[in-house]
Amino acid sequence: MRAMGIRPTHTRATPAASIDAGDAQGSLLHIRDLHVDYITAHGPLHAVRGVTLHIHRGEVVGLVGESGSGKSTVAYAVVRYLSPNARVVRGAILFEGMDMLGLPEADLHRLRGRRIGMVYQDPNTSLNPALPLGEQVAEMFRYHLAASREAAVRATIELFERVNLPDPVFMMRKFPHEVSGGEKQRVLIAIAFSLGPSLVILDEPTTALDATTAAEILELIRELQAETGIAALYITHDLGIVAQVARRLAVIYAGEIVEEGPADTVFTGPRHPYTRMLVASVPNPYRTGERRRLPAFAGAPPNLHLPPAGCVFRFRCPFAQEVCAVEATALRGDGPHRDACIRSDKILSEPLPQPVCSVRAMPQRAQEGALLEVSDLTVHYRRSSFLDQVLHRPAETVFAVDGVTFAVQRGETLGLVGESGCGKSSLARALVGLEPFTGSVALAGRLITRVQEMGTDYRQAVQIIFQHPDSSLNPRQTVGAIIGRPLRLYDLASRASVAHRVAEMLERVNLPPAYAGRYPHQLSGGEKQRVAIARAFVVRPRLVICDEITSGLDVSVQASIVNLLADLQDAEGTAYLFISHDLNLVRHIADRVAVMYLGRIVELCRATDLLQPPYHPYTEALLSAVPVPDPGLRARRVRLSGALPSAKNPPAGCRFHTRCPRKLGPICEVQVPPLVEVRPGHWIACHIGADTLAQAPPIWEPVHEELGSG
Amino acid sequence: MCRPVWVRRFVSRLRHSPQGALGVLLVALVLTATAVGPALAPHNPETFHPQHRLQGPMQGFWLGTDQFGRDLLSRILWGTRPTVLFGVAATLLGTLLGTVVGVLSGYAGGWLDDLIMRVMDGMLAVPGLLFALLIITALGTGTLSALVAVGMAFTPGMARVARSATLAVRTQDYVKAAVARGERITYLVFREILPNVLAAMVVEGSIRIAFAVMLGASLSFLGVGAQPPSSDWGLMVSEGRAYMFRNPWVVVWPGLSIAVVSIAFNLFGDGLRDILNPRVTG
């Protein structure tokens, strides 16, 4: 284990004393008792309360929390980059012994970038769209390092090479919109590390990226950090990601740090009930099982306008007692692993309440035959401008979905996985008649070849739930009107009985019936998604298409939504087409999984088939990119080269051949591999034989030797 | 249940927007004058006082008198109603026409959208006053034709606003959900899209009332709007013009009144935009 017996003693001493104490032990950043308020129309919002955090030189600390937990506020307070309505009420931030809160603006300016690097979530807004990449990066070198023009250009080329960008000189001339998000983020991360700071703050740097790209970025961060020995504060909501980069973790909930300690002990032995539930609610790819329910949280975080006395988590805590409401909490414990639960010693042996029947029974199939048969479905977008028509130029055609064939059985969950741009949402929209398509769709044997043929029967039987809860409910209608409308439309309830049916439906999605009178803006994200689910289920559909419905939600809310879907499925026998970019989530809840790449299905199998090879090489890469929320488990990395090709001009032959690490040769570039049944019920579209694919080494392996020095 | 929160938020945001607060105050003043102005007038606005012609402010005639000895204060107070009502009514007409055209165009899309919007662009290219004069030439002079003219002059601009708001609403998932469950076009337009477009139209309309008041006054000034002996402010300026050097108050008071009403609705509209759309102010 780490030779780190000494930890900074969190004394409540005078600032001067603690600076000395911190420096003596190599403390680089020292946040002490930080309180930050946001001034809002409803009075001050106490977003961060009493946060104390240390980062030592060369150390990577993960700050984990859900949205609204105050994690970003803490990070931005360090560089004093808070929004104008934020006030630092109390506390001290010392960086290399300097008082960051009292530093003059001019000094602060020099410090940002030069001594403290920052990487933000969205690479698209971090670069100037009007300047070529090379010029922007060279400018940063010239400004921060006072380099000459030639030296700056040389440094830029070196930097592009370091982050494995193809053809660095050519890349320098490209504009930000001409390169992918992953490539931009590579450049930004490399800049943050290369200006020679002693601390880099990473604010969710992989959240906006696809799974395979995120895995590469994470690896780059790890490499750069190991090379340079620069300390980092890694802010994320994703426990799986932070497990791979951070050596120490701080878990923040509702503005307070509830647990802090070495990453491996926090994961293997979380002490605070919140951390325990958070760790449990992340599906572990290694301990997988099909049709599973996830441990879920009840309730919502407290209102931070009036932070409760006692423990902030007690309203959602399954172990809460009266004493939790009275006694003030603070991080306690002598060792490096400390938590803020006053009863953690007593409850540690008590198991978390498990959701009823974690692994669900398989559905009973009353009728045989598929519910929905999709064959050779193609969705293409054609954009022809007026100018194109005048000049008789051929219109640009994008094949978003290109000849997809699959079936959804009655009562089953078919997971559809793919990265952004693979056509999964276009497929969903075509199936509910929002996009014109070619090919055919058959619902219980009734063939449909055009959108116009989708009658009331079809539209009632096939419902869709969208990704963004904010935009899927009309802000000018009450919840009751939103849920009641489909009943009226399909004439399923009389005017008098609609209210009753709506109340019944609200109860079934675990919302109080009184919510019928509310407007969407009065609900939280998770509650809005429940209303959207209620709107879909109130007409007793046979198939519900869930288009990334948990992507915008926090981990804890995601678990409860997934469990709700499971309950409804058990009661109604509804089939799901569950679309997601998160392969890890899909394989926990789906019966079968389809993997899509650039408009085509490359693999279709039972969820349990994903436990061992054969895999399609793309599925293999997706699996290996799943962040493992367990430092005791190591994933084999499968690198994909290059960016996702444009769907306007897809590669010939196997569409994956441009990025495939196992490409055979010319055959992949010429011939389209057919979807072949390699095992009963397991289909793969690859020129490599099933036996060869089956010999791939396993993706996950437990790490037996002790982790080195990180 | 929702109302008190809404009102409280409105009031609290108003405090952060001093111009908006001033606008609300001025508009309240103007509307009060519109409602009770004639009752407060000390004289009949059309009664001649031959012995007090072209007087400056004096006892009995607090703002002075015009060339016929009519009381200016009474004429201004009586004139509030036609002037303000003209502005509001013309704007309403323009908003209504613009919303219908814009929402239809935005919802239809394709070549119909192109056709409608190019026609609207053509209309926008003609200056508002000129456009209004063109319509009056066709309809004949009078308050009603001036009203229709101003309303139609406003239609293309309002249609643009309505169309862009419709395009934004159309991509929302709740509209897609409604299309997916097979809603008719009337439901989509009147229940899903229109209610979400209205906020933008109300804001745009409230700013345009100021322009409508000015445009109406201009038309009356040119003699194609309100006709004598109306106490319409634009007409008052026009009639008083010849006596401007003997008694400047004859044009100062109606001119000032037009300015105050315009500024009032302008500030009010800006304030309303800030309140309904807090992101603009940050």
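On a predicted model such as this, the values are computed, not experimentally measured, just so you know. Below, each value reflects all heavy atoms present in this structure, side chains not excepted, and no hydrogens, waters or symmetry copies.
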(Q) Whether the A:Tyr515 and A:Thr478 side chains hold a donor-acceptor pair (N or O, under 3.5 Å, no angle test) is what I'd like checked. (A) no
Q.
Can you tell whether the side chains of A:Arg530 and A:Glu527 come within less than 4.0 Å, N to carboxylate O?
A. no
Q) Looking at B:Tyr187, is A:Arg485 sitting on its ring face, NZ or CZ under 6.0 Å from the six-membered ring centre and within 45 degrees of the normal? A) yes
Q. Strictly by modelled atom types, are B:Asp113 and B:Tyr107 linked by a side-chain donor-acceptor pair under 3.5 Å?
A. no
Q) A:Val451, A:Leu473, A:Asp470, A:Asn85: which one forms the most heavy-atom pairs within less than 4.5 Å of chain B? A) A:Leu473
Q. Okay, side chain of B:Arg81, backbone of B:Ala35: is any donor-acceptor separation there less than 3.5 Å?
A. yes
(Q) Under 4.0 Å between a side-chain nitrogen and a carboxylate oxygen: does that hold for B:Arg160 and B:Asp121? (A) yes
Q) Which atoms of B:Ala178 come close to chain A, meaning under 4.5 Å heavy atom to heavy atom: side chain ones, backbone ones, both, or neither? A) neither
Q: Check step by step if side chain to side chain contact (heavy atoms under 4.5 Å, CB included) holds for B:Arg181 and A:Arg535.
A: CA-CA 11 Å; B:Arg181 65 175 182 257; A:Arg535 173 175 63 188; 3.9 Å; yes
**Q.** Inter-chain contacts: residues 455-466 of chain A against chain B, heavy atoms under 4.5 Å
**A.** A:Arg459, A:Ile464, A:Phe466
Q | Part of A:Leu434 lying under 4.5 Å from any heavy atom of chain B | A | side chain
Q) So which of B:Val175, B:Asp173, B:Val179, B:Leu198 has the largest heavy-atom pair count under 4.5 angstrom toward chain A? A) B:Asp173
Q. Given the rule in the side-chain hydrogen bond (donor to acceptor under 3.5 Å, both in side chains) test, do B:Glu192 and A:Asn474 qualify, once you have shown the distances and angles that lead to the verdict?
A. CA-CA 7 Å; B:Glu192 300 282 356; A:Asn474 189 335; 2.9 Å; yes
Q: Answer yes or no on whether B:Arg208 is positioned over the face of B:Phe211, meaning its NZ or CZ is under 6.0 Å from the six-membered ring centre and within 45° of the axis.
A: no
Q. How are the rings of A:Tyr76 and A:Tyr120 set to each other: parallel, tilted or perpendicular (split at 30° and 60°)?
A. parallel
Q) Which one of A:Pro475, A:Ala481, A:Pro84, A:Gly433 has the most heavy-atom pairs closer than 4.5 Å to chain B? A) A:Pro475
Q: Using a cut-off of under 4.5 Å on heavy-atom pairs, state which of B:Gln172, B:Lys176, B:Arg184 scores highest against chain A.
A: B:Lys176
Q. What part of B:Arg191 gets closer than 4.5 Å to chain A, counting heavy atoms only: side chain, backbone, both or neither?
A. both
Q) If you count heavy-atom pairs under 4.5 Å with chain B, which of A:His468, A:Gln477, A:Met454, A:Arg429 comes out on top? A) A:Gln477
